[in-house]
Engineer: 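Here it is: the structure, laid out below.
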Amino acid sequence: MKLDSHFNLDHTLSCGQIFRWAKANGWWYGIVEGNILKVRQDGDELLYTAYPEYVAEDFIKRYFRLDDDLSNILRRINKDVEINNAIQQFNGLRIVRQSVWSCLISYVCATNASIAVIENMLRNLSEKFGDEIIVNGKAFFSFPKVKKLAKASVNEIKQCKVGYRAQYLSEIAKQVENNPNLLEELRKSDYIELRDELRSLPGVGPKVADCVSLFAFDKLEAFPIDVWIRRVIYQIRGAGIPRTKDGTEKPLTVSEYTELSSFARRHYGLFAGYAQEYLFYYIRSKDR
DNA sequence: GTCAGACCTATGCG
DNA sequence: ACGCATAGGTCTG
């Protein structure tokens, strides 16, 4: 497929927004809506194959948000030195359009865990509760379906090394199983309403609600704040992070979260979520 | 309304 | 080596 606007597949899949893609021999492998995708970028060509059968170009375009006017978005969010550096370094990074269910479960798992651990949890869940698809003798596992997780016991879910999150996953799965429209209904809501509705789910606080709003509900103004983004925001504002007496960073409170994220929306505007993703990848890559 | 403390687990640091 | 803090936070009291 010919790309008609700028896109960088590596940045998009490496930046930490999505956990189940892996690169091998120059190709990215992922499983999206039960389709195994094999993708590679060669300049302005995006090469892909799908198993077990063909998927339409529009599916790929939609998934990688190739419909976003990225030049315009980057121009609009380019408001300070940090974001400018991030844009220079990672130009072409796009937000991936995830399914609501997998995004929600993924980010509930992601709380208070490192990326390597998150990837393990999601792989374990998929291997235990997802469907197996064999391609060229290699096994892939789809993301667990609602029903499968709703029927599983908390202890079975815990076997996937998700720890105390098992309780939340089980409860969310049961709620969605009992009310299949629960999540899709929320598409009607604007960002603020959606965020607050999501927060009523167990294991979903402000951070997870913002991630799901941004990555699965097209709310590009959502600006998730984690420990890394918090540091950048204070840096941009020329202030220090609140610290305890022993010098360690104070935990982020809900009121501080609210204040910082509304600052970010004022500062970056309607596409603040894109700014967040560029900043996140930038600050983390700088730290290494 | 606000605030510590606890929390599963693997990884990475000293 | 091996104990200890930390990680894309949230919940409880």
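Convention: sequence-line order gives letters A, B, ...; per-chain numbering from 1.
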Engineer: Could you tell me the separation between the CD atom of A:E249 and the C1' atom of C:dA7, rounded to a whole number of Å?
Structural biologist: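 Between C1' of C:dA7 and CD of A:E249: 12 Å.
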Engineer: Which nucleotide wins on minimum distance to the side chain of A:W228, given the candidates C:dG8, C:dA7, B:dA10?
Structural biologist: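 Among the listed nucleotides, the one closest to the side chain of A:W228 is C:dG8.
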Engineer: Considering only atom P, compute the distance from B:dT11 to C:dT10 and round it to an integer number of Å.
Structural biologist: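 So the two P atoms sit 23 Å from each other.
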Engineer: For the side chain of A:N120, counting heavy atoms from C-beta on, which of B:dC7, C:dG8, B:dA10 is nearest?
Structural biologist: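 Among B:dC7, C:dG8, B:dA10, the one nearest the side chain of A:N120 is B:dA10.
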Engineer: In whole Å, what is the span from the CD1 atom of A:I118 to the P atom of C:dA7?
Structural biologist: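 Going from CD1 in A:I118 over to P in C:dA7 covers 12 Å.
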Engineer: Is it true that A:D226 and A:K207 make a salt bridge, defined as a side-chain N closer than 4.0 Å to a carboxylate O?
Structural biologist: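 Salt bridge absent between A:D226 and A:K207.
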Engineer: Indicate, with a heavy-atom threshold strictly under 4.0 Å, whether A:P206 touches base, sugar-phosphate, or nothing.
Structural biologist: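 It contacts sugar-phosphate atoms only.
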Engineer: Hey, does A:F280 reach any base, or is it just sugar-phosphate, or nothing, if we go heavy atoms under 4.0 Å?
Structural biologist: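 A:F280: base contact, heavy atoms under 4.0 Å.
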Engineer: Categorize A:V108 for me: base, sugar-phosphate, or nothing, with a 4.0 angstrom heavy-atom threshold over every strand shown.
Structural biologist: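 It contacts nothing in the nucleic acid.
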Engineer: Just call it for A:R230: base, sugar-phosphate, or nothing, with non-hydrogen atoms closer than 4.0 Å on any strand.
Structural biologist: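 If one applies the 4.0 Å heavy-atom cut-off, A:R230 turns out to touch nothing in the nucleic acid.
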Engineer: Taking any strand in view, what nucleotide pairs with C:dG8 in a Watson-Crick or G-U wobble way, both distances under 3.5 Å?
Structural biologist: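 Across any shown strand, C:dG8 pairs with none.
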Engineer: So that I can tick it off, tell me whether A:K61 and A:D67 are bridged by a salt bridge, with the cut-off set at under 4.0 angstrom between side-chain N and carboxylate O.
Structural biologist: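 A:K61 and A:D67: not salt-bridged.
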Engineer: When the P atoms of C:dC11 and B:dA10 are compared, how many Å lie between them, rounded to an integer?
Structural biologist: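 Pairwise P distance, B:dA10 against C:dC11, rounds to 23 Å.
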Engineer: For A:F19 and B:dA10, what is the distance between atoms CZ and P respectively, to the nearest whole Å?
Structural biologist: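 The answer, rounded to whole Å, is 17 Å.
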Engineer: Expressed as a whole number of angstroms, how long is the span from A:I233:CD1 to C:dG8:P?
Structural biologist: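 So the two atoms are 17 Å apart, to the nearest Å.
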Engineer: Which is true for A:V227 with a 4.0 Å heavy-atom rule: it touches a base, it touches only sugar-phosphate, or it touches nothing?
Structural biologist: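 A:V227: backbone/sugar contact only, no base atoms under 4.0 Å.
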Engineer: Using the P atom as the point on both nucleotides, what is the distance between B:dT2 and C:dG8, in whole Å?
Structural biologist: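 It comes out at 27 Å once rounded to the nearest Å.
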Engineer: Quantified in whole Å, what is the P atom distance between nucleotide B:dG5 and nucleotide C:dA5?
Structural biologist: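 It works out to 15 Å between them.
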Engineer: Whether the side chain of A:Y164 and the base of C:dG9 hold a donor-acceptor pair under 3.5 Å is what I'd like checked.
Structural biologist: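 Pair found.
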Engineer: If you pin A:G203 and A:C211 to their nearest nucleotides in DNA chain C, which one's is more 5'?
Structural biologist: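 Result: A:C211.
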Engineer: Would A:R231 count as a cation-pi partner of A:Y234, with NZ or CZ less than 6.0 Å from the six-membered ring centre and within 45° of the ring normal?
Structural biologist: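 A:R231 over A:Y234 ring: no.
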Engineer: Check the surroundings of atom NZ in A:K128: do more than 12 heavy atoms from other residues, nucleotides or ligands lie under 6.0 Å from it?
Structural biologist: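 Atom NZ in A:K128 is crowded, with more than 12 foreign heavy atoms closer than 6.0 Å.
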Engineer: Is a side-chain N or O of A:R243 found less than 3.5 angstrom from the main chain of A:T248, in a donor-acceptor match?
Structural biologist: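 Side chain of A:R243 to backbone of A:T248: no pair is present.
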Engineer: Evaluate whether atom CZ of A:R187 has more than 12 neighbouring non-hydrogen atoms of other residues, nucleotides or ligands under 6.0 angstrom away.
Structural biologist: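 Counting other residues, nucleotides and ligands, CZ of A:R187 exceeds 12 neighbours.
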Engineer: Assign A:L201 to base, sugar-phosphate, or nothing according to its heavy-atom contacts below 4.0 angstrom with the strands shown.
Structural biologist: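 Sugar-phosphate contact only - A:L201 comes under 4.0 Å of backbone atoms but never of a base.
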Engineer: In whole Å, what is the span from the CD1 atom of A:I115 to the P atom of B:dG12?
Structural biologist: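 Distance, rounded to whole Å: 12 Å.
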Engineer: How many whole angstroms separate atom CG of A:L252 from atom P of C:dC11?
Structural biologist: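 About 14 Å, once rounded to whole Å.
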Engineer: Quickly work out the A:N112 CG to B:dC8 P distance and round it to whole Å.
Structural biologist: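 That distance rounds to 11 Å.
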Engineer: Return whichever of A:P202 or A:S114 has its heavy-atom-nearest nucleotide of DNA chain C closer to the 5' end.
Structural biologist: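 Whichever sits nearer the 5' end wins; that is A:S114.
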Engineer: Have a look at A:E277 and say if it touches a base, only the backbone sugar-phosphate, or nothing, with a 4.0 Å heavy-atom cut-off.
Structural biologist: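 Since a base atom lies under 4.0 Å of A:E277, the category is base.
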Engineer: Report the distance from atom NZ of A:K161 to atom P of B:dT11, rounded to the nearest whole Å.
Structural biologist: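 Nearest whole value for this atom pair: 11 Å.
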Engineer: For A:A116 and for A:T111, locate the closest nucleotide of DNA chain B by heavy-atom distance; then report the residue assigned to the nucleotide nearer the 5' terminus.
Structural biologist: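 Comparing both residues, the 5'-ward one is A:T111.
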